[in-house]
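Have a look at the structure below before the remarks.
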Protein chains: 2
Amino acid sequence: MDIKDLDTQSFMPGLSVDNVIFGFHDNQLKVLLLACKDGKHWMLPGGYILKNESVDAAAERVLFDRTGLQKVYLQQFNVFGDPKRSSASLVKGLVKSMELDETLNHWFLQRFVTIGYYALVEYEKVKPKPDPLSLSCDWFEIDQIPRLIFDHATIIESALTAMRQHLNFQPIGLNLLPSSFPLKSLQSIYETILGKKLDRPNFNRKILSLGILDKKEKHFTGAAHKAPFLYSFRKKEYYKLLKDGIS
Amino acid sequence: MDIKDLDTQSFMPGLSVDNVIFGFHDNQLKVLLLACKDGKHWMLPGGYILKNESVDAAAERVLFDRTGLQKVYLQQFNVFGDPKRSSASLVKGLVKSMELDETLNHWFLQRFVTIGYYALVEYEKVKPKPDPLSLSCDWFEIDQIPRLIFDHATIIESALTAMRQHLNFQPIGLNLLPSSFPLKSLQSIYETILGKKLDRPNFNRKILSLGILDKKEKHFTGAAHKAPFLYSFRKKEYYKLLKDGIS
DNA sequence: TTATATTGTGTCAATTTGACTCAATAAAAT
DNA sequence: ATTTTATTGAGTCAAATTGACACAATATAA
């Protein structure tokens, strides 16, 4: 997005998209956030919808602009349409800190309905880029989220709930893990999303029975224990399951 | 909605809600549709969002205006945001048939992103009321849907898919059936939504094990077979399951 | 050589599911 | 009055799945 486009009527008024971008690193689920220029708040990577652009394409564009990634799992999950979701006083502070042309104020001060998406991306492949309205772009552990603007904390909560439900009838992990990985990493993702510990033998049995994994070579981590086997996703079978649903 | 409000800037531009309202009658799942004034198309009950109204509230208002019902299950399920979802030529025909003031044309000719909701309502309680833009309001069997405008057929398909998935971890039926009903009616709802036949003994066992039903008196239908027992939902337990999810 | 941590396999009972059978019964047909 | 028909609801049983463990294998550190 280019700020100067805001007053040239390039975007649909009153509508935005916000992406909850999940990555996985150090056996932790992380979320990508942007630092507001007021130095006090963080926010979700979001943006507006071009007049001739589909809403899905806008979400993909925002994802690409912040991460450089394309063609990853990006799922619309909820619309946040409360007229009071952004407080006027906070917006005014933010707009002031952005030092924008006065004529742009009316854009930011309007009411926005935002469409929430969540994305699953490979942490290592992301090159976080702040947008023109923010100072920096960084990963945060899911249970150490800083102070967020508006209802963005609610949006993240809601994304987690949606993922938790999708997990029941969709495979997960292909866009979240590197091309090969130990089973334990996949289990940790499930545990973090579900918010509970899983029994390893039972998890392995279950996930292997889906027929979406290929066993590869052993991986010597240097740690003082048996080396785990690495696995990779069988993409064709994975996408088939994603489409048709589990069981 | 009052048509004259359209040019007084009462509504959020470019945004609408569309409700897929499901009812159940004659062992058939039905959808409530409105007849367009062009005499050729039908459409979903939809509307616009007041400047100071939440999106959910707008969907509730549309539902109430068409059915007279409030406080029923109404679930947001998807946003339809393709810029080409409404064809300009069709819109022009529709606007012409509505014989509106010329100044309103710009409202209908703009691009709309619509937020899809589906509702489950008790068929017998609905008093279908056409809106100011339509000729009539009627129920249609789910597999006998007439020609619809725009992407409304896709929206109905998508609502069914969403329901099918929700069925896996949510109870269903409370707002779709009268206060007491035979188990077979509930089974028929499940069968219609899932699009497949279910084994009666197994269905009964499963649904009764949820602990959300109270057995009531026998109901003599006048048919030449054993009279079925009626059941009613235990509302407290039903809503708890709706909130927490099944299993 | 032993200790430690973690992996992958194996077991087994409990639970759930799928595919059936069958007796009960409300009304119509004889 | 008796038989027939259609449908309900209970019961059975093997197969599949799940949950809760035990345990052997093994990569490195002590």
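Lettering follows sequence order; numbering is per chain, from 1.
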Grab the CD1-C1' distance between A:I207 and C:dG8 for me, whole Å please.
-> 16 Å
Protein proximity profile, nucleotides 11-23 of chain C - base contact B, sugar-phosphate-only contact S, no contact -, cut-off 4.0 Å on heavy atoms = B-----BBBB---
Test B:N168 against A:N168 for side chain to side chain contact (heavy atoms under 4.5 Å, CB included), laying out the working first.
-> CA-CA 9 Å; B:N168 291 314; A:N168 291 314; over 6 Å; no
Taking atom CD1 of A:I155 and atom CG of A:L160, what is their separation to the nearest 0.5 Å?
-> 13.0 Å
Whole Å only: how far is the NE2 atom of A:H225 from the P atom of C:dT7?
-> 6 Å
Will you find, in the side chains of B:D18 and B:T114, an N or O donor that is under 3.5 Å from an N or O acceptor?
-> yes
Any side-chain donor near an acceptor of the partner, A:S188 and A:N27, under 3.5 Å = yes
A:N204 CG to D:dT17 P, in whole Å, measures 17 Å
Check each of A:K197, A:R164, A:K184 against A:E191 using the salt bridge (Lys or Arg N to Asp or Glu O under 4.0 Å) test, and report the only one that passes.
-> A:K197
Output field: ring centroids B:Y123/B:F24 closer than 6.0 Å | no
Check the distance between C:dT7's P and A:L186's CG and give it to me in whole angstrom.
-> 13 Å
DNA chain C-proximal residues of residues 208-220 of chain B, any heavy atom under 4.0 Å | B:K218, B:F220
A:L183 CG - C:dT6 C1' separation (whole Å) | 13 Å
Taking side chain to side chain donor-acceptor pair (under 3.5 Å) as the test, write out the residues that go with B:Y73, two or more places apart.
-> B:Q75, B:Q170
Whole-Å distance between D:dA6 C1' and B:K184 NZ?
-> 11 Å
Determine the sole option in B:V126, B:L63, B:T67 for which the side-chain contact (heavy atoms from CB on, under 4.5 Å) test with B:V72 is passed.
-> B:L63
Taking atom C1' of D:dG9 as reference, at what distance in whole Å does atom CG of B:L230 sit?
-> 14 Å
Residue B:A227, side-chain heavy atoms: nucleotide from D:dG9, C:dA26, C:dT7 that is nearest | C:dA26
Cation-pi check, B:K215 onto B:Y231 ring (under 6.0 Å, within 45° of axis) | no
